[in-house]
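Residue numbers start from 1 in every chain, and the chains themselves are labelled A, B, ... in the order their sequence lines are given, proteins ahead of strands. These values consider heavy atoms only, across backbone and side chains, with no hydrogens, waters or symmetry-generated copies.
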Amino acid sequence: MADEIPRYRYNAELAGSIERSWQDRWEADGTFNSPNPAGPMGEPDKVAGRDKLFILDMFPYPSGTGLHVGHPLGFIGTDVFGRYKRMSGFNVLHAMGFDSFGLPAEQHAIATGIHPRINTEANVTTYKRQLRQLGLAHDNRRSVATTDESFYRWTQWIFLQIFNAWYDPTIAKARPIKELIAEFETGTRATGGGTDWANMDEGAQRKLVDSYRLVYADDMPVNWCPGLGTVLANEEVTADGRSDIGNYPVFRRNMTQWVMRITSYADRLLDDLERLDWPEPIKHMQRNWIGKSHGARVIFRTDAGPLDVFTTRPDTLFGATFMVVAPEHGLVPALTTAAQHDAVEAYVAAAAGRSDMQRQEDKSKTGVFTGSHAVNPMNGELIPVWIADYVLMGYGTGAIMAVPCGDERDFEFARQFELPIRAIQEPPASWFDSHGIDESLDTAGWPRAFIGDARYVNSANDSFTLNGVESIDDAVTSTNAWLEVNGHGHGTINYRLRDWQFARQRYWGEPFPIVWDEHGPIALPDQYLPVLLPDLDDFKPQALDPNDDQSRPLPPLARATNWVEVTLDLGNGPRPYRRELNVMPQWAGSCWYEMRYLDPTNENAFIDPAVEAYWMGPDPSRPGDPGGVDLYVGGVEHAVLHLLYARFWHKVLFDLGHVSSVEPFRRLFNQGYVQAYAYRDDRGQTVPAEEVEALDGGYVWQGQSVAREYGKMGKSLKNVVTPDDMCDAYGADTFRLYEMSTGPLDASRPWNTRDVIGMQRFLQRLWRNLVDETTGELRVVDTEPTYETDRLLHRIVDGVRTDMDNLRFNTAIAKLIELNNHVTGLPSTPRRVAETLVKMTAPLAPHIAEELWHRMGNPYTLTYEAFPEADASFLIDDEVEYPVQINGKIRARITVATGSDQATVEAIAMADDKVVAALAGVEPKKVIVVPGRMVNIVV
RNA sequence: GCGGGCGUGGCGGAAUGGCAGACGCGCUGGACUUAGGAUCCAGUUCUGGAAACGGAGUGAGGGUUCAAGUCCCUCCGCCCGCACCA
């Protein structure tokens with residue numbers, strides 16, 4: 001190395017030292033601490049008279065592998081926006097926490113025998129270090145982890161609020177359970193069981209009240225894996241019905257589970273979507289998930305008792321020629337006749353061995369006849385009742401009336417088992433045409449069911465007829481009325497949404513603040529919180545005989561016998577209780593964590609109401625505003641579950657008066673993903689991506705050609721690039737700029753390390769425009785910029801502001817580079833231009849900006865300097881250049897004084913030499929002048 | 001199958017219906033250099049041409065419009081969501 005690199009050249013080394021020094025200063029000074037209106041972090045005088053902004057990232061699960069470059073995309077985006085808003089005068093709250101309960105830590109603990117807390121804390125430390133080096137402007141006083149005892153104490157407290165509440169449908173709100181008990185006691189509410197409250201024993205009273213709670217225990221179909229001793233999520237079951245881990249058999253069976261009554265909130269969760277500033281696809285997914293559909297409940301009489309069905313097409317009742325119940329339906333044993341017993345038993349057992357996944361993949365129709373019949377309430381006809389797994393226990397009532405002429409699945413089933421298909425509508429001629437068959441009500445020739453508006457036939461009984469009606473809506477309405485009058489059913493609404501299965505037979509989660517006595521569960525009073533997770537040596541659920549499908553789960557906490565058996569005085573003297581052995585699912589902490597950032601040290605409440613109202617309260621100036629976080633940024637993978645659960649908890653807290661906001665997240669933004677290339681050799685082995693070279697349109701690794709694929713970044717794909725790598729090689733500012741420059745924040749983009757250098761060069765040129773590379777002296781001069789420079793400057797300022805406001809950081813960066821490239825061409829850098837450029841760069845590349853700001857002699861800190869504003873007078877030029885088109889093709893350019901009227905512009909255009917030549921004497925038919933834009937001559 | 005989104009240079013991507021390709025990478029040439037995988041300068045949609053200057057061009061085809069990457073229709077391709085939801 002003969003030639004020395006200039007001492008003050010902006011490279012990775014210099015960037016690194018600049019970044020470390022400012023990060024230390026920011027931390028020491030608490031530069032990004034945001035004041036609360038009240039409480040321990042209250043600084044009312046700093047809050048007064050300022051707008052506030054609460055921005056939030058979906059907090060990460062601290063995994064053992066640390067961050068790769070894809071993870072911080074959203075974090076950097078929110079940081080840029082937050083810094084911009086801080087420079088626009090806002091009191092910005094931005095903090096980061098950790099979703100640190102969860103399965104990977106538990107599995108690591110099972111494998112190593114090391115307590116998951118140790119591993120989790122180590123991972124959090126790594127994450128904090130990795131995030132710190134990115135220069136994120138977080139208020140670190142507010143960082144929380146869901147595994148902190150001081151955090152999950154309040155998760156348990158909120159659980160108890162929900163447990164101690166019931167949903168009153170008359171006011172569509174949750175109310176304290178005490179009010180329900182009071183209604184029973186005073187007799188204003190009937191107990192429903194025929195016995196007065198006063199005459200019920202304690203067990204019966206508690207059972208009644210428990211049946212109203214928003215958290216309740218219920219029999220639900222689950223994936224029970226005795227080999228692992230736990231219930232599994234559908235995603236954890238393989239296509240052949242075995243456990244993903246360990247390959248043990250998995251059984252579908254009903255088991256008592258803790259469930260949250262989210263279905264009570266279905267309508268509000270659906271309706272309030274209208275009030276949210278969320279991406280339309282996410283709202284759509286939530287709507288689909290809730291799955292509201294209008295229809296009717298119809299009761300069919302059978303020898304085994306009434307059989308309820310839900311249908312969206314009660315108008316087709318006359319076409320019901322059989323019924324189908326799900327294999328898990330409670331009436332199956334009673335419906336099964338002796339002759340069919342063996343066949344039914346075999347079918348039900350086979351269905352239990354099939355996972356949901358298998359059922360979804362294989363759509364061929366299977367089924368078995370029960371031997372029983374039901375009475376069609378419309379016409380008194382006896383129709384056979386079948387069992388088939390195309391009917392799902394989890395939707396509607398788990399039983400359907402089958403109308404093969406009007407439903408594709410029923411049609412297929414009828415064909416498969418040779419059941420009658422009766423036409424009850426007369427399809428239009430076009431329908432027959434399009435299927436190439438003759439018009440006929442003889443369904444034997446139909447290739448498929450008919451669905452749509454058409455005239456009804458064969459649809460009448462003694463007191464009711466649909467014959468001749470032509471619209472489904474009309475037919476549904478009148479059928480529902482008839483059903484109700486005659487006691488056979490009624491119009492109703494059904495939801496796809498199920499109640500939320502809340503318990504996990506695991507270790508690394510929040511213990512329930514619940515104990516049991518002989519009558520059932522009891523909520524622990526507040527003074528017993530937190531219920532701490534007991535220490536164990538072995539974190540596995542207790543494995544049972546893998547093939548015994550009748551066994552019951554024994555969660556890991558059952559091993560902590562001293563913890564489980566507890567003597568407490570809950571108001572009637574010390575008595576023995578057993579603790580609840582399940583823990584909460586990982587979603588629990590993420591249902592409310594954002595609020596804890598606001599008041600992280602509060603020991604008296606999960607949040608001070610004044611603090612909540614300040615940061616999250618509805619904006620009175622915007623009618624219908626639901627309140628909540630001002631901007632929530634995260635991946636689309638949480639479109640449904642996390643966002644729905646969090647909304648649900650928030651609404652319960654609202655109903656009970658604990659928060660002023662109706663919704664937790666007022667505005668949602670989905671950032672894209674950073675994806676990466678991976679390479680495989682001939683044998684399909686992945687090879688290190690960083691060692692692969694492009695050659696003649698192909699890819700080569702160590703002399704052999706390899707195939708490229710595109711997707712996730714991951715260890716097994718040997719294509720992981722970490723923020724640490726990038727900070728070492730280029731510096732955090734370069735890395736931040738690269739991440740923000742590769743596309744709009746909501747778009748996914750490929751990672752290309754090769755391209756990162758471009759942003760390094762930009763910062764290097766910016767630095768060089770202000771600082772002499774050799775001497776380190778300031779190169780900024782106190783002369784005024786030229787008019788031309790000022791015009792560009794103000795145009796750029798104007799554009800960058802718009803881009804920043806709209807989270808379009810990629811185009812903001814392009815504009816900054818454009819301005820900097822202009823400055824590079826100047827003989828010297830005017831101070832006003834330099835300062836403006838540095839301020840605009842600050843949100844994106846905060847360290848170099850702070851450094852340059854400091855070197856220009858300005859006081860610490862740039863963080864709260866006002867973001868530049870454009871002077872409108874510079875945005876309008878004296879002259880405007882108009883392209884002149886002839887029939888849409890550009891043939892000339894003219895320069896016209898700004899504000900010239902259309903006639904003047906037209907005259908100048910028509911007089912232009914090139915225009916005259918191009919027209920060659922032809923008289924234009926029309927001349928269009930778009931003011932300030934262009935001229936189009938039509939010939 | 002149903003629903004939604006997207007197709008622009010070699011690559012990432014810009015373009016309130018109004019000059020397609022901002023900005024970056026890469027590439028080409030030059031400067032500085034013992035050297036360049038550093039840095040700087042210039043060029044870079046394709047095509048004809050030395051150039052001036054032409055022609056074509058935003059997945060394909062059609063339409064609306066003075067004007068379409070942008071709006072409408074049909075088709076093709078890719079991505080995402082849901083998926084036996086009665």
Side-chain angles (χ1 to χ4, degrees), chain A residues 1-6 9 11 279-282 284-285 287-289 291 293 295 309-314 316 323-324 326 359-365 388-392 394-403 406-410 412-413 494-498 636-637 639-640 694 697 737-738 741-744 746-762 764-765 768 773 799 802 808 810-818 820-821 824-825 881-890 893 924-939:
Chain A
M1 198 77 87
D3 203 21
E4 282 296 314
I5 296 168
R9 168 159 296 174
N11 55 19
E280 207 43 56
I282 304 290
H284 190 242
M285 284 162 71
R287 283 189 201 106
N288 285 348
W289 191 265
S293 51
V309 303
F310 172 75
T311 175
T312 53
R313 292 291 304 277
T316 62
M323 301 190 73
V324 186
R359 289 195 194 183
Q360 279 169 20
E361 264 167 30
D362 176 13
K363 291 191 179 168
S364 62
K365 295 286 178 288
D389 68 0
Y390 83 90
V391 172
L392 309 174
Y395 184 79
T397 62
I400 62 159
M401 63 174 206
V403 184
D407 182 282
E408 215 39 69
R409 299 149 302 182
D410 297 346
E412 238 180 81
F413 193 82
N494 191 57
Y495 299 89
R496 204 189 78 114
L497 183 69
R498 304 283 84 203
V636 71
E637 75 269 23
V640 178
L737 277 173
Y738 172 70
S741 72
T742 46
D746 54 358
S748 292
R749 71 286 306 268
W751 178 264
N752 254 321
T753 303
R754 190 183 71 174
D755 294 353
V756 178
I757 190 71
M759 292 302 120
Q760 164 104 295
R761 287 187 194 138
F762 160 51
Q764 205 169 62
R765 279 196 294 268
R768 193 155 46 224
E773 279 191 332
T802 310
R808 290 201 306 248
N810 55 328
T811 50
I813 292 168
K815 291 181 176 80
L816 294 177
I817 294 174
E818 193 186 340
N820 189 53
N821 287 348
T824 303
E881 189 187 73
Y882 281 77
V884 182
Q885 299 180 340
I886 296 175
N887 287 341
K889 281 196 181 302
I890 293 166
R893 288 174 188 284
K925 288 187 188 127
K926 197 171 175 185
V927 178
I928 290 137
V929 177
V930 184
R933 280 284 179 188
M934 65 188 316
V935 181
N936 193 8
I937 301 167
V938 186
V939 292

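- In terms of the side-chain hydrogen bond (donor to acceptor under 3.5 Å, both in side chains) criterion, A:Asn936 has no residue partners (sequence neighbours excluded).
- The residue among A:Glu881 and A:Gly888 whose nearest nucleotide of RNA chain B lies closer to the 5′ end is A:Glu881.
- Across B:A20, B:C25, B:C23, the shortest atom-to-atom separation from the side chain of A:Ile757 is found for B:C25.
- RNA chain B is contacted by both A:Met285 and A:Ile400; A:Met285 maps to the nucleotide lying nearer its 5′ end (nearest heavy atom per residue).
- With hydrogens and angles disregarded, a donor-acceptor distance shorter than 3.5 Å links the side chain of A:Asp407 to the backbone of A:Asp410.
- For RNA chain B, if you chain together Watson-Crick or G-U pairs that step i with j, i+1 with j-1 and so on, the runs of at least three with distances under 3.5 Å are B:1-7 with B:76-82, B:10-12 with B:23-25, B:26-31 with B:39-44, B:45-48 with B:53-56, B:59-63 with B:71-75.
- Remark: A:Arg765 is not in phosphate contact with B:C41, judged by side-chain N or O atoms under 4.0 Å from OP1 or OP2.
- Atom CD1 of A:Ile886 is separated from atom C1' of B:C19 by 15 Å (rounded to the nearest Å).
- Comparing the same atom, P, in B:A42 and in B:C25 gives a spacing of 14 Å after rounding to whole Å.
- Every residue two or more places apart in sequence or in another chain was checked for a side-chain hydrogen bond (donor to acceptor under 3.5 Å, both in side chains) with A:Gln885, and none qualifies.
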Under 3.5 Å, which donor-acceptor pairs link side chains of residues 810-817 of chain A to any protein atom two or more places apart or in another chain?
unit_1	atom_1	unit_2	atom_2	d
A:Thr811	OG1	A:Asp803	OD1	3.3
A:Thr811	OG1	A:Asp803	OD2	3.1
A:Thr811	OG1	A:Arg808	O	3.1
A:Lys815	NZ	A:Asp803	OD2	2.7

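- The listed nucleotides are B:A22, B:C19, B:C66; the one nearest the side chain of A:Arg893 is B:C19.
- Proximity note for A:Arg9 (side chain, C-beta onward) versus B:C25, B:A86, B:A38: the nearest is B:A38.
- The gap from the C1' atom of B:G24 to that of B:A35 amounts to 28 Å, rounded to the nearest Å.
- A close approach under 4.0 Å does occur between a side-chain nitrogen or oxygen of A:Arg761 and OP1 or OP2 of B:U39.
- Here CD of A:Gln760 is found 10.5 Å from CG of A:Leu737. Values are rounded to the nearest 0.5 Å.
- Of all non-hydrogen atoms in A:Thr316 and A:Arg313, the two that sit nearest each other are OG1-O, 2.7 Å.
- Not counting sequence neighbours, the partners of A:Asn494 by the side chain to side chain contact (heavy atoms under 4.5 Å, CB included) test are A:Ser293, A:Phe310, A:Tyr395.
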Measure all distances between protein nitrogen or oxygen atoms and nitrogen or oxygen atoms of nucleotides 56-59 of chain B, and list the pairs falling under 3.5 Å.
unit_1	atom_1	unit_2	atom_2	d
B:A56	OP2	A:Lys889	NZ	3.4

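- Every side chain to side chain contact (heavy atoms under 4.5 Å, CB included) that A:Asn288 has, sequence neighbours left out, goes to A:His284.
- Here A:Tyr738 pairs with A:Trp751 under the ring-ring contact (aromatic ring centres under 6.0 Å, His included) rule; sequence neighbours left out.
- Its glycosidic angle being more than 90° from 0, B:G54 falls on the anti side.
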All N/O contacts under 3.5 Å from nucleotides 1-3 of chain B to the protein, with atom names and distances to one decimal?
unit_1	atom_1	unit_2	atom_2	d
B:G3	O2'	A:His284	NE2	3.4

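- The side chain to side chain contact (heavy atoms under 4.5 Å, CB included) search around A:Arg765 returns A:Arg761, A:Arg768, A:Asn820, A:Asn821, A:Thr824, not counting sequence neighbours.
- Taking the P atom of each, B:A56 and B:G5 are spaced 34 Å apart, rounded to whole Å.
- For A:Pro883, the side chain to side chain contact (heavy atoms under 4.5 Å, CB included) partners are A:Ile890, A:Arg893, A:Met934, not counting sequence neighbours.
- Across the P atoms, B:G57 and B:C79 are found 29 Å apart, a figure rounded to whole Å.
- A donor-acceptor contact under 3.5 Å links the side chain of A:Lys365 to the base of B:C84.
- Separating the C1' atom of B:U45 from that of B:A20 is a span of 10 Å, rounded to the nearest Å.
- Between B:G9 and B:U47, the two P atoms lie 14 Å apart (nearest whole Å).
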Please encode protein proximity along nucleotides 7-18 of chain B as a string of B, S and -, counting only heavy-atom distances under 4.0 Å.
---B-SSSSB-B

